[in-house]
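Written below as structure tokens is the structure these notes are about.
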Amino acid sequence: MKSSRLISILLLLQTRGRMTAAELAAELEVSVRTVYRDAEALAASGVPLYGDAGHSGGYQLLDGYRTRLTGLAPGEAEALFLTGMPGPAAELGLGRALSTAQLKLRAALPAELRAQADRMRLRFHLDAPGWYAEHEETPYLGQVADAVWRGRVIEVRYRRWKEPREVDRRLAPYGLVLKAGRWYLVAGLTGTTGGAGTEGGAGTTGGAGAATDAVPTAPTPPTGPYTFRVDQVLAVRETGEECALPDGFELAAHWRRTQDDFHERLHPEEAQVRVSARGAARLSGAQARALAAAGTPDPELPGWTRALLPIESQAHAEAQFLELGLEAEVLAPAALRERIGAAAAAIAARYGAGAAGEGTAGAGEGAARAGEGAAGTWEGAAGAGSRARSGAGPGRETVTEGAG
């Protein structure tokens, strides 16, 4: 354990340069006192390690010193081959580089570790997208990734969910995220102060690839960051302008906050519902967790459970609970209960007219027309529910387009 920790300290200092004892302790999940003892042990073994006291102090290796410790533990060699995701790497144009790197790594391993790594590769496969997610073409992923890597502002034509559907945006790209098989661009909205062709202050410049005679003016600081779906980018034009990450910005931390915010906004309302055991088994996500955490036996229907379940909206909940049929009953709010009742009556009238034959067709059609409004509402809600299930995550724009 100690020898592994000493190697880790050595490799951290070699790759990152000067680090304080507190930083090393946090990285290795040990106490600062342990780091002090490990540093003394490294120095005693002949490693040219020295430390400086003070606010800007820390441990550092002598300039030019490089360790030749390249040994991998069996678990480490196996884990490295699990990091290879050929699909996303190929989308980014790195498929051949990944294959070559894995080949070099495999050749450098001892025979025993090579066999274990091959066993891992043959028996484990990572497939990130969900079952019902269709493959979405991302023709401009390479250009967007290049702009992210080089820190260059881009102008894009972007398709969003609200009107106007297609808009022009000028973006300072900060990072790319692959979530459930879908690529997202995290970027700031930028533009020029006082320039022609801006839209609602969002900083557009007349469209991706569009020519303009406007005189360039001083750039304004980007707003955001916002999230864009890369598969909704319709055109890209590189500007050649440099952009930098905001102070303190970390992509992984920002994405976690974005996800937390998305889940908080996903279910802003609640409904009092009782469900049978079969109905409970068909619930998923936040509703299944809420039922398991706070569900109580229903006093009126033995074997049923009553709970306050989170819902996205009454329209979405109407379609969702109608799908459960007789296995669920909404008790509150009253407006949602009435919507479901009206939709159920319209459905019963429509199907009842077909079953009754010609003699009662007139009455059935009259009832169906009476419930037509409710049925239309249900059909719209069902479509929304279907889109929500197939989307698997934030829509075409999550917190995007705050200014536009």
Side-chain angles (χ1 to χ4, degrees), residues 1-85 89 94 97-98 100-102 104-110 112-114 116-117 120 148-152 172-177 186 188 221-222 225 242-260:
M1 182 67 178
K2 180 178 180 179
S3 60
S4 175
R5 194 171 63 246
L6 292 177
I7 293 174
S8 296
I9 292 176
L10 195 56
L11 294 176
L12 283 169
L13 294 177
Q14 181 174 301
T15 55
R16 300 188 187 181
R18 185 189 299 269
M19 294 182 69
T20 66
E23 290 172 339
L24 287 168
E27 186 73 29
L28 300 172
E29 298 181 351
V30 296
S31 67
V32 173
R33 185 175 296 275
T34 298
V35 172
Y36 290 152
R37 290 197 298 265
D38 289 345
E40 292 176 358
L42 284 171
S45 66
V47 175
L49 172 69
Y50 64 92
D52 295 327
H55 178 71
S56 59
Y59 290 107
Q60 188 173 354
L61 294 172
L62 189 67
D63 290 344
Y65 177 81
R66 305 287 294 179
T67 178
R68 297 185 181 275
L69 291 172
T70 57
L72 293 175
E76 295 168 343
E78 295 167 4
L80 280 176
F81 279 87
L82 271 181
T83 62
M85 299 181 67
L94 300 174
L98 175 63
T100 302
Q102 288 184 332
K104 291 179 178 179
L105 174 62
R106 184 180 181 279
L109 291 175
E112 180 182 353
L113 294 186
R114 189 183 309 136
Q116 294 190 33
M120 177 68 71
V148 170
W149 180 251
R150 296 189 298 118
R152 295 292 186 269
Y174 300 150
L176 280 170
V177 176
V186 178
E242 294 185 1
C243 61
L245 295 177
D247 291 340
F249 177 83
E250 293 184 2
L251 182 61
H254 167 76
W255 189 255
R256 285 193 297 270
R257 291 192 298 270
T258 299
Q259 285 185 300
D260 292 342

Query raised in the report: What residues form a ring pair (Phe, Tyr, Trp, His ring centres under 6.0 Å) with Tyr174, not counting sequence neighbours?
Result: Phe249
Query - Residue pairs involving residues 28-51 (criterion salt bridge (charged side-chain N to carboxylate O under 4.0 Å, His left out); sequence neighbours excluded) - result: Arg5-Asp38
Report task. Begin from the C-alpha positions of Leu6 and Val47 and carry the test side chain to side chain contact (heavy atoms under 4.5 Å, CB included) through to its verdict. Result -> CA-CA 11 Å; Leu6 292 177; Val47 175; over 6 Å; no
Report task. Tell me, please, which residues at least two apart from Glu27 pass side chain to side chain donor-acceptor pair (under 3.5 Å). Result -> Arg16
Report summary line: Rounded to the nearest 0.5 Å, the CG atom of Leu49 sits from the CD atom of Gln60 at a distance of 9.5 Å
Query raised in the report: In Å, rounded to the nearest 0.5 Å, how long is the span from CG of Leu13 to CG of Leu62?
Result: 12.5 Å
Report summary line: Taken in chain and number order and not counting sequence neighbours, the residues that satisfy side chain to side chain contact (heavy atoms under 4.5 Å, CB included) with Ala21 are Val32, Val35, Tyr36, Tyr59
Query raised in the report: Between the side chain of Arg257 and the main-chain N/O of Trp255, is any donor-acceptor distance below 3.5 Å?
Result: no
Query raised in the report: Do Cys243 and Pro222 touch side chain to side chain, with heavy atoms closer than 4.5 Å?
Result: no
**Report entry** Nearest heavy atoms of Glu23 and Arg18, plus distance in Å
**Finding:** OE1-O, 4.4 Å
Requested in this report: Sorted by first residue and then second, give each side-chain hydrogen bond (donor to acceptor under 3.5 Å, both in side chains) pair with at least one member in residues 243-254; sequence neighbours left out.
Outcome: His254-Thr258
Report task. Identify the heavy atoms of Val148 and Pro173 that sit nearest to each other, and give their distance. Result -> CG2-CB, 3.6 Å
Query - Interatomic spacing from CG in Leu61 to CG in Leu10 - rounded to 0.5 Å - result: 5.5 Å
Requested in this report: Could you tell me whether the side chain of Leu251 reaches within less than 4.5 Å of the side chain of Leu176, counting heavy atoms only?
Outcome: no
